[in-house]
Amino acid sequence: MGETKVCPDCGSTKLTQDFDRAEVICSNCGLVITDGIFDTGPEWRMFESDEDSSKGRAGPPSTFTIHDKGLTTMIDWRNRDIHGKDLTPHRRAQIYRLRKWQKRIRVSDAMERNLAFALSELDRIASNMRLPKNIREVAAILYRRAVEQRIIRGRSIEGVTSACVYAACRQTKLPRTLDEIADASRVDKKEIGRSYRFMAKELGMKLPPTNPSDYISRFASELGLSGRVQMRAKDMIDQAIRSGLMSGRGPMGVAAAALYIAAILEGERRTQRDVSEVAKVTEVTVRNRYKELQDRLALEVDV
DNA sequence: AAGACGAAAGTGGTTGA
DNA sequence: TCAACAACTTTCGTCTT
């Protein structure tokens, strides 16, 4: 690995090798560079056989308790055998070594258990929200890094996983709102936001503020609008942003308004109510943004 | 009757002292 | 830590299609 590589996504040269798997990861955006599939399956499922594993994903994972089912053997500290007799020196040395390994295994065990829970939680949230696989992968990587950086300390696992999902969505340019994620998980919006901000700082990921355009395709398909409308809406947003307007405005409101106007322009009118519903803002906000867009961009919209 | 509009008061989050 | 502030929401009455 002599040649210097560059992240194809963000252009950063800070690529790091992931520990236990032969993977190169961009430390800026979390993108996996090598095409090796990031398969979370085999590893974290550990030794607890395949029996129920974690495909069933309803409700709180029952696997949580199963993890140590009969598997965490304790080695007694007394140097006696089951009959209470003393052990031979040879035997004692052997037991000593066993204890040592027991300890070591248990340390990594705790981490693995943490990961196991977190990743199944991650999967639960992600499938709740119908997120594409690549987002889950990015989220999983972020979580791994969060664990390595000791970020979870003092924070709930669920909070951090939710934050990972949120971050992953944004990185992938398919942003979801904190509310949406809060709905899909068991953590409230506030907590997710806190965890996210902390993570962003600690992991040094710089995410640009959400671009309203990123919402367009999702909203549009939810409203059954054509590609032409989407194009038009994105154009409008680009124009507005480039001329410095719309700053400080909520991206979803902007997206909603642009979509609303574009739909009218293309003869696919939707009501303000419908648009505001998918964008999770109120009609009033749609109206306000739409007014601004209208006279700031000098659009002629015959309503 | 449904949708669009806008005023006014209320809410939660950010910012700056 | 607290108050000021802007964005956004809620509510509601009126106008338009």
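Here is the naming used below: chain letters follow the sequence lines, and residue numbers restart at 1 for every chain.
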Asker: Tell me which of A:K189 and A:R287 sits closer to the 5' end of DNA chain B, going by the nucleotide each one is nearest to.
Answerer: A:R287
Asker: With no hydrogens and no angle check, do the side chains of A:D123 and A:S120 hold a donor and an acceptor under 3.5 Å apart?
Answerer: no
Asker: Between A:E158 and A:S185, does any side-chain donor sit less than 3.5 Å from a side-chain acceptor?
Answerer: no
Asker: Nearest of B:dC5, C:dA7, C:dT10 to any side-chain atom of A:R249?
Answerer: C:dA7
Asker: Do the side-chain N and O atoms of A:E180 and A:T177 include a donor-acceptor pair separated by under 3.5 angstrom?
Answerer: yes
Asker: Distance only, no hydrogens: is a donor on one side chain within 3.5 Å (strictly under) of an acceptor on the other, for A:R287 and A:Y260?
Answerer: no
Asker: At under 4.0 Å between heavy atoms, what does A:G248 touch on the DNA or RNA strands: base, sugar-phosphate, or nothing?
Answerer: sugar-phosphate
Asker: May I ask you to establish whether A:R155 and A:F198 are in a cation-pi arrangement, using a distance under 6.0 Å from NZ or CZ to the six-membered ring centre and at most 45° from the ring axis?
Answerer: yes
Asker: Take the protein atom CG of A:L178 and the nucleotide atom C1' of B:dG13, then report the distance between them rounded to whole Å.
Answerer: 12 Å
Asker: What's the CD1-P distance between A:I264 and B:dG3, to the nearest Å?
Answerer: 14 Å
Asker: For the side chain of A:Q272, starting at C-beta, report the closest nucleotide among B:dG6, B:dA4, B:dT14.
Answerer: B:dA4
Asker: Expressed in angstrom and rounded to an integer, what is the separation of A:Y260 atom OH from B:dC5 atom C1'?
Answerer: 10 Å
Asker: Pick base, sugar-phosphate or nothing for A:T271, based on heavy-atom distances below 4.0 Å to the nucleic acid.
Answerer: sugar-phosphate
Asker: For the pair made of CZ in A:R289 and P in B:dA4, what is the distance, rounded to whole Å?
Answerer: 17 Å
Asker: Take the protein atom CD of A:E292 and the nucleotide atom P of B:dG6, then report the distance between them rounded to whole Å.
Answerer: 12 Å
Asker: Of the listed nucleotides (C:dC8, B:dC5, B:dT14), which one gets closest to any side-chain atom of A:Y290?
Answerer: B:dC5
Asker: Check whether any side-chain N or O of A:R194 sits under 4.0 Å from OP1 or OP2 of B:dG13, and answer yes or no.
Answerer: no
Asker: Could you pull out all residues at least two apart from A:E292 that satisfy salt bridge (charged side-chain N to carboxylate O under 4.0 Å, His left out)?
Answerer: A:R249, A:R289
Asker: Whole angstroms only, please: what is the CZ-C1' distance between A:R269 and C:dT16?
Answerer: 11 Å
Asker: What's the closest nucleotide to the side chain of A:V284 if the choices are B:dA4, C:dT11, B:dG13?
Answerer: C:dT11
Asker: Would A:R145 and A:E148 pass as an ion pair if we require N to O under 4.0 Å?
Answerer: no
Asker: Without decimals, in angstroms, what is the distance between A:K291 NZ and B:dG6 C1'?
Answerer: 10 Å
Asker: Just to be sure I understand: a Watson-Crick pair is purine N1 to pyrimidine N3 plus N6-O4 or O6-N4, both under 3.5 Å. Using that and G-U wobbles, which stems of three or more pairs involve DNA chain C?
Answerer: B:1-11 with C:7-17, B:13-17 with C:1-5
Asker: In whole Å, what is the span from the CD atom of A:E283 to the P atom of B:dA7?
Answerer: 16 Å
